[in-house]
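First up is the structure itself, then whatever we jot down about it.
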Amino acid sequence: MSANKKKTNQITAAIIQTAMMVIFVTVMAMVFYAGIKKAYSFGYAIFGSGPVAEPPGTDKVFVVEEGMSTSECLDNLEKSGLIRDKNVALIQEFFFEYEIYPGTYTLNTSMSVREILAELNEKPPEETTKAAPETPAPTSTEEETREIIEGDE
C-alpha cells in the first residue's frame, strides 16, 4: 500500500502544481492586459486628448504666479477644470517644449491641452498703467509771466 499511497501523493502534487501554474499565468495575463490597456489610454491621451467640454465651453480666468513650478501650474489647471489629467499635460509640455510664463490668462474649457499650453507659452502683454499726464515744460513767455506775478506779490 505504501507504493500506492506514494503514487497517489505524486499525482496529487502534480495536479496541484499544474493548477497553481494555471492560476499564476492567468493572473499575470490579467495584470498585463490591464497594464497594456492603461498604457494605451495614457498614450492616446498624450497625442489625441480632447477638450474637457464641448464648444462653446466656459471662459475661466487663470493666473500663473511668478515662481510657480510647472507641476503646480498644471495641478491648478486640473483643479480648475481646464484639463483632465495633469500628467498628460506635463508630458506634452516636456515633449512639445512649451514654457509656461507668469501672467493672467483667459482660458476656455473647450480648449485642448495643447491649445492651453500654447496659450500659456506666449508671454502675456505687459499691463500698462496709466500715468498722470505730464505737464509740458513751461515756455519762456510762461516763465516771464510767473516772474511778473511772483514779483507783484
* I116-I100 co-clustered via ILVMFWY side chain contacts under 4.5 Å ->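 Looking at the clustering, I100 is in the same group as I116.
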- Should F24 and M20 be counted in the same cluster of Ile, Leu, Val, Met, Phe, Trp and Tyr side chains packed under 4.5 Å apart?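 No; tracing contacts between hydrophobic side chains, which count when under 4.5 Å, never links both residues.
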Check whether any side-chain heavy atom of [X] lies under 4.5 Å from a side-chain heavy atom of [Y], and answer yes or no.
X    : Y    : value
T70  : E93  : yes
V113 : L117 : yes
V88  : F42  : yes
Y101 : V64  : no
T104 : V61  : yes

Okay, side chain of Q92, backbone of I46: is any donor-acceptor separation there less than 3.5 Å?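 Yes: the side chain of Q92 pairs with the backbone of I46.
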Would you list the atom pairs, donor with acceptor, under 3.5 Å between side chains in residues 80-87 and any protein atom, with sequence neighbours excluded?
| from | atom 1 | to | atom 2 | distance (Å) |
| --- | --- | --- | --- | --- |
| S80 | OG | N76 | O | 3.1 |
| S80 | OG | L77 | O | 3.0 |
| R84 | NH1 | P51 | O | 3.4 |
| R84 | NH2 | P51 | O | 2.9 |
| D85 | OD1 | N87 | N | 3.0 |

Looking at E65, I want to see if its CD is surrounded by more than 12 non-hydrogen atoms of other residues, nucleotides or ligands under 6.0 Å.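 For E65, atom CD is not crowded (no more than 12 foreign heavy atoms under 6.0 Å).
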### Message
Check this for me: M30, atom CE, are more than 12 non-hydrogen atoms of other residues, nucleotides or ligands nearer than 6.0 Å?
### Response
no
To the nearest 0.5 Å, atom CZ of F95 lies from atom CZ of F47 at 6.5 Å
Taken to the nearest 0.5 Å, the spacing of T8 OG1 from Q10 CD works out to 9.0 Å
Handout entry: For K37, salt bridge (Lys or Arg N to Asp or Glu O under 4.0 Å) partners two or more places apart
Key =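 By the salt bridge (Lys or Arg N to Asp or Glu O under 4.0 Å) rule, K37 matches no residue at all.
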Q) Once the angle between the rings of Y44 and Y40 is folded into 0 to 90°, is it parallel (under 30°), tilted (30 to 60°) or perpendicular (over 60°)? A) parallel
